[in-house]
Every structure is written in C-alpha cells, then in structure tokens.
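If you're wondering where the values come from, they're calculated on a predicted model, not measured in any experiment.
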Amino acid sequence: MSWAGARVGVLALLWGSTFLWIKLALEGLSPVQVTLTRCALGALLLLGLCASMRVRLPRGRTIWRHLFVAAFFCNALPFALFSLGQQTIDSGLAGVLNATTPLWSLLIGVTIGTERGLRPVRLGGLLLGFAGIVLIFAPWRQAGLVSWGALAILGAAASYAIAFTYMGRHLVGKGTPTLALSTAQLIAATGLTVLTVPTGGLEHLELAPKALVAAVVLGVVATGVTFHLTYRIIADEGATNAATVGYLLPVVSVGLGAVVLDEPLSVRVIAGMAVVLVGVGMTRRGKATTAAAPQPSILPAALSPAPSTPPTALAAPAPRVTLHHPPTPAPVGQPAPVAHQDPTVVAAPRC
C-alpha cells in the first residue's frame with residue numbers, strides 16, 4: 001500500500017470513528033459539554049502545531065468575520081446537532097446520514113441558482129440519494145427511524161453543505177496557510193460554543209473514565225488531528241485522491257458501532273446506505289465530467305459540494321483571446337512568467 005493510500009485509510013478510520021466517540025462521551029457529558037470539549041481540545045492541539053511550526057493566525061476583521069460564519073455552520077452548529085441527535089440514534093446511523101452532505105450541497109445550489117443546466121445523471125443521483133434516506137427512515141413502518149434525533153443529524157449534514165459553499169467563496173485560495181485557517185476556525189467555534197454553556201453546559205458531570213477518554217480522543221484525534229490531516233491530504237494530493245474517504249466514512253461508522261457498541265445491523269439501513277452512496281456518486285460523476293470550471297475542495301470529494309482541480313491544471317491558465325488587439329509578444333530573451341502554487345494553501349476547506 002502506498003503512503004498516500006495509507007493516509008487516506010487512516011483519515012477514513014479517524015473520521016468514521018467520530019460518531020463512536022460522540023456516543024461514548026455522551027454517557028458522562030451533556031451535548032453542550034461534548035461540543036465545547038471537542039472544539040476546545042481540537043483548537044489547543046492545532047494552536048500547539050502553529051506555535052511549533054511558527055505559523056501565524058489570520059489577521060484582519062474581514063477574514064475573522066468569515067471565519068466565525070464558517071465556524072458556526074461547519075463546526076459549532078453541526079457538532080452540537082450530532083451530539084443532540086446521537087442521544088437517541090445509533091452512531092452507525094449518524095455516520096450514514098452524515099454522508100448525505102453532497103446531496104444537500106446540490107439541492108442548495110439548485111435553489112440559489114448556482115447549479116444551472118442540471119444534467120439528468122446528477123438529477124437522478126439527487127433523487128436516488130433522497131430515496132435512500134426515505135428507505136432508511138421507513139416512515140411507512142411503525143418501527144421506522146424517523147425521530148428528532150435523526151432529523152438533527154440531517155440538519156448537521158445540511159449545515160456542512162452551507163459551510164462548504166461559504167468557505168469556498170470567502171476563505172479558500174486567499175493565500176492563508178491551511179493550518180492557520182483550521183486553527184482559527186476551531187478557535188472561533190470554541191468561542192461560539194461557550195455562548196451556549198448556560199443552556200446545557202452547566203449540568204453535573206459524570207466523571208466516568210470511559211466518557212472522559214472518549215471526549216479527549218474526540219477532541220484531540222477525531223477533531224484536531226482529522227481536521228488538519230484532511231487539509232494536508234488535499235494540499236499534497238488533491239481532493240480527487242481523497243474522495244474515497246467520503247465513501248468509507250459511513251462504512252467505518254456502521255462497522256465500529258456494530259463491533260464496539262453492539263448496535264444492530266439492519267438490512268434496510270445497509271441497503272439505504274448503499275442507495276445514498278450510489279446517488280452521491282452519480283451527482284459527483286455528472287459534475288466532474290460536465291463542469292467547465294470545477295471548484296477544488298478541501299474535503300473528500302464524496303462529502304464536498306464540488307470536485308477538485310488538479311494542481312497541474314492550476315499552473316496552466318487558459319489562453320486569453322483579444323478580439324480587437326493582437327496580443328503583445330514578450331521581449332526577445334525574456335522568459336515567460338511561471339505560475340507558482342503555495343503547497344500549504346489549498347483551494348477549498350473541509351470539516
């Protein structure tokens with residue numbers, strides 16, 4: 001196995017285990033406490049990395065305003081919804097519903113007009129993906145999975161979709177190192193979560209060792225390390241190479257839930273997961289083959305709203321055509337400028 005493949009596999013395991021650690025942490029902490037611990041520990045870890053690598057945090061009111069908006073939709077809100085939702089649903093189901101993020105991204109794009117000329121294959125993928133959600137929920141059965149907890153997880157997935165669109169427009173490709181962006185975003189998310197402490201963060205702590213260990217692993221590994229590792233994989237190898245993570249994530253979450261937490265494996269949920277992932281793949285395939293100017297993403301392609309552009313493509317700008325004046329030739333003997341891309345900067349972030 002190549003080093004790149006090993007890193008993708010590690011990221012899938014770490015990211016897919018997030019729902020397991022949330023479930024275990026909820027045995028001793030409230031949803032607000034889990035969310036705050038997760039954001040704070042992740043931010044502390046990345047702050048330490050910034051200090052050791054001498055990376056400065058972003059400066060300026062404008063970028064921090066964008067960071068707070070991104071932190072709300074990509075961290076504070078979905079993290080809280082996951083913790084609230086997993087009080088009543090299994091960790092495996094949470095991972096499966098989280099994989100619907102690109103479906104929400106496409107739906108949002110169609111609604112606000114950024115997705116025009118929707119090809120039949122993408123429309124079919126969107127409809128098939130939501131059909132998979134209906135199959136999972138099985139509202140026609142008395143023992144179906146429709147609940148406020150499941151709806152909260154879907155809300156978290158939709159929040160991710162909003163965040164990716166916003167981050168792609170206002171934070172990505174602005175010259176800020178990825179480590180600085182991820183650190184600042186988690187700091188902002190911690191500050192936003194502190195504001196919610198009076199609503200549920202002051203409850204009595206059940207200091208059970210299992211819950212505390214789970215909370216620490218959730219914050220340090222499943223949030224801090226995973227968040228930064230995602231940025232690095234996209235920066236080094238591109239979002240296309242990391243696309244496998246998005247498809248492995250629900251498989252990992254369902255497997256860990258069954259093995260570690262003894263969660264039941266429902267044939268209907270497994271079938272619904274397969275239908276959702278096929279639908280996601282159809283929406284991605286249609287976009288990748290028809291988009292004239294795809295937007296790179298910092299998240300694995302299966303969970304992000306748009307496919308990535310290879311670094312080699314970024315280094316070769318399209319030729320400019322002048323209708324009224326012929327192009328001015330470069331002076332003889334003067335080399336043409338060469339485009340350069342900072343390897344620490346990626347074109348789009350992922351959470």
Side-chain angles (χ1 to χ4, degrees), residues 8 12 15 95-139 153-169 172 230 233-234 237-254 268-314 318 347-351:
V8 170
W15 204 343
V96 172
L97 296 179
N98 178 66
T100 63
T101 294
L103 302 178
W104 296 109
S105 296
L106 180 56
L107 184 61
I108 291 172
V110 172
T111 302
I112 66 177
T114 58
E115 291 283 354
R116 296 186 176 92
L118 194 62
R119 293 295 185 92
V121 64
R122 300 189 69 209
L123 178 60
L126 181 64
L127 297 176
L128 185 63
F130 282 109
I133 297 175
V134 174
L135 177 60
I136 292 172
F137 282 166
I153 303 300
L154 284 178
S159 182
Y160 276 150
I162 296 172
F164 300 156
T165 302
Y166 186 88
M167 294 159 73
R169 291 185 177 182
V172 172
T230 302
I233 288 180
I234 303 303
E237 292 132 27
T240 301
N241 193 47
T244 309
V245 176
Y247 297 98
L248 292 177
L249 189 153
V251 178
V252 172
S253 66
V254 169
R268 188 183 72 252
V269 171
I270 298 298
M273 176 180 68
V275 172
V276 167
L277 293 181
V278 170
V280 168
M282 291 173 63
T283 63
R284 301 290 309 166
R285 183 178 303 170
K287 180 70 171 180
T289 57
T290 60
Q295 296 290 331
S297 171
I298 185 132
L299 290 179
L303 296 181
S304 60
S308 65
T309 301
T312 54
L314 296 176
R350 171 161 215 171
C351 310

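Side chain of S253 to main chain of P250: a donor-acceptor pair is present (N/O by atom type, distance under 3.5 Å, no hydrogens or angles). Panel note: side chain T111, backbone L107; a donor-acceptor pair is recorded below 3.5 Å.
Annotation: the span from L277 atom CG to L128 atom CG amounts to 10.5 Å, rounded to 0.5 Å. The OG1 atom of T283 lies 6.0 Å from the CG atom of L106; values are rounded to the nearest 0.5 Å.
The two residues I136 and V96 come nearest to each other via the heavy atoms CD1-CG1, 3.5 Å. Minimum interatomic distance between V121 and M282 (heavy atoms only, all atoms of both residues): O-CE, 3.5 Å. Summarising the geometry of M273 relative to V251, their closest heavy-atom pair is SD-N, 4.2 Å, with the distance given to 0.1 Å.
In this structure, the side chain to side chain contact (heavy atoms under 4.5 Å, CB included) partners of L127, at least two apart in sequence or on a different chain, are L123. Annotation: side chain to side chain contact (heavy atoms under 4.5 Å, CB included) contacts of I133 (sequence neighbours excluded): T100, F130, F137, L154, V276. Under the side chain to side chain contact (heavy atoms under 4.5 Å, CB included) criterion, I108 pairs with I112, A161, I162, not counting sequence neighbours.
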